[in-house]
Amino acid sequence: MQSNKHLFLLLALLFVGTFSSLAQEDGLIPLPIKAEKDTIIAPLFPDPAKKDSIAGDSTTLNKNNGKKPLLLDKIKYKAKDHVKLSQKEQKIYLYNEAEIYYQDTELKAGMIIMDYVKNEVYAGRIKDSLGNYTQLPYFKQGDNEIRPDSIRFNFDTQKALIWNSRTEQQAGLGQLGSDAMKVYAEITKKENDSVYFLHEGKLTTSADTINPDYYIRIRKAKFVPKKKVIAGFSNLYIADVPTPVALPFAYFPLTVGRSAGLMMPTFGNDPDRGYFLQNGGYYVPFSEFADITLTGDFYTNGSYGFRTQSVYTKRYKYRGNVNFRYENLVTSQKGFDDYSNSKVWNIQISHSQDTKASPNSRFSASVNLGSSSYYQNSLNQVNLPLTQNNNLSSSISYSKTFPAYPSVNMSLTASHSQNTSPAARADPDLDNIQMTLPTFQASMERIFPFAKKDGIKKGVIQNINFQYDVNARNSLTTNDEDFLKAAMFDNALVGAKHRIPISTNFKVAKFFSVTMGGSYEDVWALETYTQRYELGDDGAIGSVVRDTISGFDRYNKYNMSASIGTTVYGTFNFGEDKKIQALRHVMRPSLSYGYSPSFDQFYDEYLNNDTGDVVQYSRFEGTLNGAPSLGKSNSLSFSLANTLEAKVRDKDSTATEPKKVPILSNFNISTGYNFESDSLKLSPLRINGGTNILDNKMSINFSAGLDPYAIDNNGSRIEKFNIDNGGSLFRLTQANINIGYSIDSETFGRKKEDEEEDEEEAGAYDYVAQSGGRDDDLFGRADNFDDRRGGDDYDRDKDEDIENPRYATKIPWNFRLAYSASYFNSARQNEFSSHSLMFSGDIELSPRWKVGGSSGYDFKNKGFTLTQLRFERDLKSFRMNFNWTPFGQYSRWYFFIGIKSSILSDLKWENRSQR
């Protein structure tokens, strides 16, 4: 009986089930397979089995007829109906829900027959009372599973035959499921421990391996578990209909985890640049923590581009990526009037550090810089949202904290800001790039010299505190032509500012908070400028000449301030039986005073010989931190912050408390009075506010400027109140309003599961947001042709809704609206500088059909904004997209159909137009 253990070890080696296609090292092996020892006829189950059967339970086989035992552990077996040990036939019969367990291997089937003399095992199905086959064999070893119709294995020859096997295996970085390869094979032969041959198989990523919506038919194939499948003639079937997509031989890498490999290019035709190969390249995981992807494009008119993308991550340490893109753009052909050749490039770097890695120091980077026209002209990345982005920005910083008292925080930062608007690109001499290389900043924590370190601070004296901080910068401005060349440093400005603020605070009459303080600043510069007036030749008008003085120079300045404020609460009760039970108004008035003396000592004079005027100037004018003020500053300012909310009876009768509904989240008013001004002492009244209404579906933000003084015919303010000039009390000088509104099919509500779905959809906008674009789709949705993930997460877990649709009552949809207007009237312009309405939305016409669009209207320029129509079709294992921008500067269309799974993502067809 111990030889019975041998038979189960052969099951441990029986791990089959992963894959497709038939070939061998020297060539293809024909099937059916000729076999001698391993060809075994499955023994019939004896009729009187129940009479000799033993109650199903575990046992251990102890004898092996003289053979050396090979099994290393006990075999546990059982069956629902019976277990029969036949000493005469030297077999074990297990019937109905038969199970065998050995180490990490398990076998379940309708019936199992073990021959412990010949070392053979057979597992198969059984028929139910209706004559249908049930209880298909299930074999599992470790994480590998197989579900065939029947299995035969010969331990002596180490060979096995499997009929109608169905299995799946993880490939790449995907998870078992939607990103796993599924294989059905009529006959599978195990040649040895690492090589299997398949005959008449189906290779697919469809969830249904019995009736897949598509598959690759493989006549013969060689399979190496967790490594590869090499197939002979293979062709694609869709809904069991053969297609002309075929190959004389095929190779499918099945390495678990990351592995180097080729990336197949996309073929196509561009009306401006000819035929192309796009996105072809190579992927290399050069270490456990990092990889690199190299891709490129080639066009027949001579245009080309290449891209590198490297992603690195180390758990609990850091993560990031580095992307570089370069493109040589050729338009038309040499000799033609419209021929042009330009080069564009872009680099993106992202690095973030886990806070646990080093609590007292941190390094981070977010870089997006390059040619100003890159996103508008790129061959491979004409993403509509990014064409509307008029700014690129970058920041690289390192910070360090010294926690010992008094703690000091230091940081070193390099930053970059680049204006990519059409106006900036049109003027090559415009300095549209600002950089700081670098900025050094350090600050010391507050010190309370008259109070204990950890004690409670009371009164004016104990609350006296001071700090110290320093800011030093190397700032420069340049343009695209000089960017990253030595010339960009010609106009660099270097300077530093030291600041020591001192303050204290205390209460007056319990309800008023008073803050008093001052600040001292010491400003350094490495260059200053003198000015002189130089007469013109032959009686011409002269000009001011600036001379640069190199060397260290400094000035100091100081100021004093005081403020008093309080909080006033007002509640208007209407009764608990009312729908609106109460209104609560909170006001926070504040009165502030500031004084700064005149720093005349840092000013000089020159005489304008043409006019006879004496002009005052400071040698610090034009330096990084500017010049100190000339003349005293003595002003009083007032501000009033308001919030207004209502208590409303909850619709839920079980609620014990009323709902708080904000009416005005904030409403602020501010103005000022300048004591030193000879005229126009009052400052314009500033108003801003905002609120969210309709269950936070609509957000409203507004601001306005109101001037109490009138203006003359030239648009200049005059010392006369507007009401005394025949106008109103205040003159509206500017106003802004922004309104956002969003609704959906969930009755204007948002459930938790909807928020989770929105988080998944937000991944589609991550690429745009990282590049400085919008994180919504009001400017259209991106078509990122570089994204080769194949849409594995596209509509994940949606099959349940597809198979059990709820469309009988409502159709899922969403709609987003944004209105923006800016009005200017400071000098009687009476015009809108910007005035637009944008909208976007999606609707699921059926469980597998989704359409959407985004557009808008510019009321100032009297035209439509960027308009995009989107059509999406879920074809189960495939996805189909069509995006169309019908008119405008960026009119284009893009069509894509392909397999969702990244394993076979190269089985696709895409076509698109160019601008």
Side-chain angles (χ1 to χ4, degrees), residues 173 257-258 283-293 308-325 346-370 391-418 434-448 452-455 465-476 484 494-501 524 624 759 762-763 765-773 775:
L173 296 178
R258 302 179 303 164
Y283 171 77
V284 182
F286 55 85
S287 78
E288 182 183 355
F289 308 106
D291 61 16
I292 186 170
T293 304
T308 65
Q309 179 179 359
S310 180
V311 179
Y312 58 91
T313 180
K314 193 169 185 180
R315 184 175 295 182
Y316 308 123
K317 293 291 185 179
Y318 51 78
R319 63 185 306 156
N321 61 77
V322 180
N323 302 332
F324 176 74
R325 306 176 178 104
N346 176 262
I347 184 170
Q348 295 181 10
I349 301 174
S350 175
H351 178 91
S352 60
Q353 178 181 310
D354 195 308
T355 55
K356 306 181 188 68
S358 180
N360 294 324
S361 64
R362 184 174 180 83
F363 176 77
S364 63
S366 177
V367 176
N368 184 15
L369 57 86
N391 184 69
L392 303 180
S393 58
S394 308
S395 177
I396 302 175
S397 65
Y398 173 78
S399 59
K400 176 73 174 178
T401 300
F402 299 91
Y405 181 82
S407 65
V408 176
N409 295 317
M410 294 195 308
S411 65
L412 200 63
T413 305
S415 63
H416 147 266
S417 178
Q418 185 172 351
Q434 292 78 40
M435 304 184 72
T436 59
L437 297 173
T439 297
F440 171 78
Q441 190 162 347
S443 61
M444 182 183 68
E445 72 170 301
R446 292 180 183 273
I447 295 178
F448 294 81
K452 294 181 179 180
K453 179 180 176 181
D454 300 323
N465 64 85
F466 68 92
Q467 286 179 281
Y468 167 77
D469 61 71
V470 58
N471 182 288
R473 284 185 294 154
N474 174 29
S475 179
L476 55 94
L484 298 184
V494 182
K497 179 168 62 176
H498 305 262
R499 191 173 70 96
I500 303 178
W524 296 356
L624 180 65
E759 290 176 0
Y765 311 129
D766 286 346
Y767 177 80
V768 178
Q770 290 173 2
S771 301
D775 57 0

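As the structure is a computational prediction, the values presented were derived from the model and not from experiment.
- The ring pair (Phe, Tyr, Trp, His ring centres under 6.0 Å) test applied to F363 returns H351, not counting sequence neighbours.
- Nearest approach of N323 to S310, heavy atoms of both residues: OD1-N, 4.1 Å.
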### Task
Let me see the working for T401 and N409 under side-chain hydrogen bond (donor to acceptor under 3.5 Å, both in side chains), right down to the final yes or no.
CA-CA 5 Å; T401 300; N409 295 317; 2.9 Å; yes
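- A heavy-atom distance below 4.5 Å is found between the side chains of L392 and H416.
- Taking both residues in full, the closest heavy atoms of S397 and T413 are given as CB-OG1, 3.5 Å, listed atom of the first, atom of the second, then distance.
- Contact of the Q467 side chain with the M444 side chain is not registered, since no non-hydrogen atoms from C-beta on lie closer than 4.5 Å.
- Residues S287 and Y312 have side chains not in contact (no heavy-atom distance under 4.5 Å, counting atoms from C-beta outward).
- Around OH of Y316, the count of heavy atoms belonging to other residues, nucleotides or ligands within 6.0 Å does not exceed 12.
- Shown here for A442 and M410, the closest heavy-atom pair between the two residues is CB-CG, 3.7 Å.
- Nearest heavy atoms, L369 versus N346: O-ND2, 3.3 Å.
- Contact annotation: the side chain of T355 approaches that of R362 to within less than 4.5 Å [non-hydrogen atoms, C-beta and beyond].
- For the pair D291 and P285, the tightest heavy-atom approach, listed with the atom from each and the gap, is CB-CA, 3.7 Å.
- The two residues A365 and I396 have their closest heavy-atom pair at CB-CG1, 4.0 Å.
- In this structure the side chain of L437 reaches within 4.5 angstrom of the side chain of L476, judged on heavy atoms.
- Aromatic ring orientation, H498 versus W524: tilted (interplanar angle from 30° to 60°).
- Looking at S395 and S366, their side chains never bring a donor and an acceptor atom within 3.5 Å of each other.
- Counting non-hydrogen atoms of neighbouring residues, nucleotides and ligands closer than 6.0 angstrom, the CZ atom of R319 reaches no more than 12 such neighbours.
- Residues K314 and E288 fail the side-chain proximity criterion, which asks for heavy atoms closer than 4.5 Å.
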### Task
Evaluate the side chain to side chain contact (heavy atoms under 4.5 Å, CB included) criterion for residues Q348 and R325: first the C-alpha distance (whole Å), next the side-chain angles of each, then the deciding distance (0.1 Å), finally the verdict.
CA-CA 9 Å; Q348 295 181 10; R325 306 176 178 104; 3.4 Å; yes
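- The neighbour count for K400 NZ, taken as heavy atoms of other residues, nucleotides or ligands under 6.0 Å away, is above 12.
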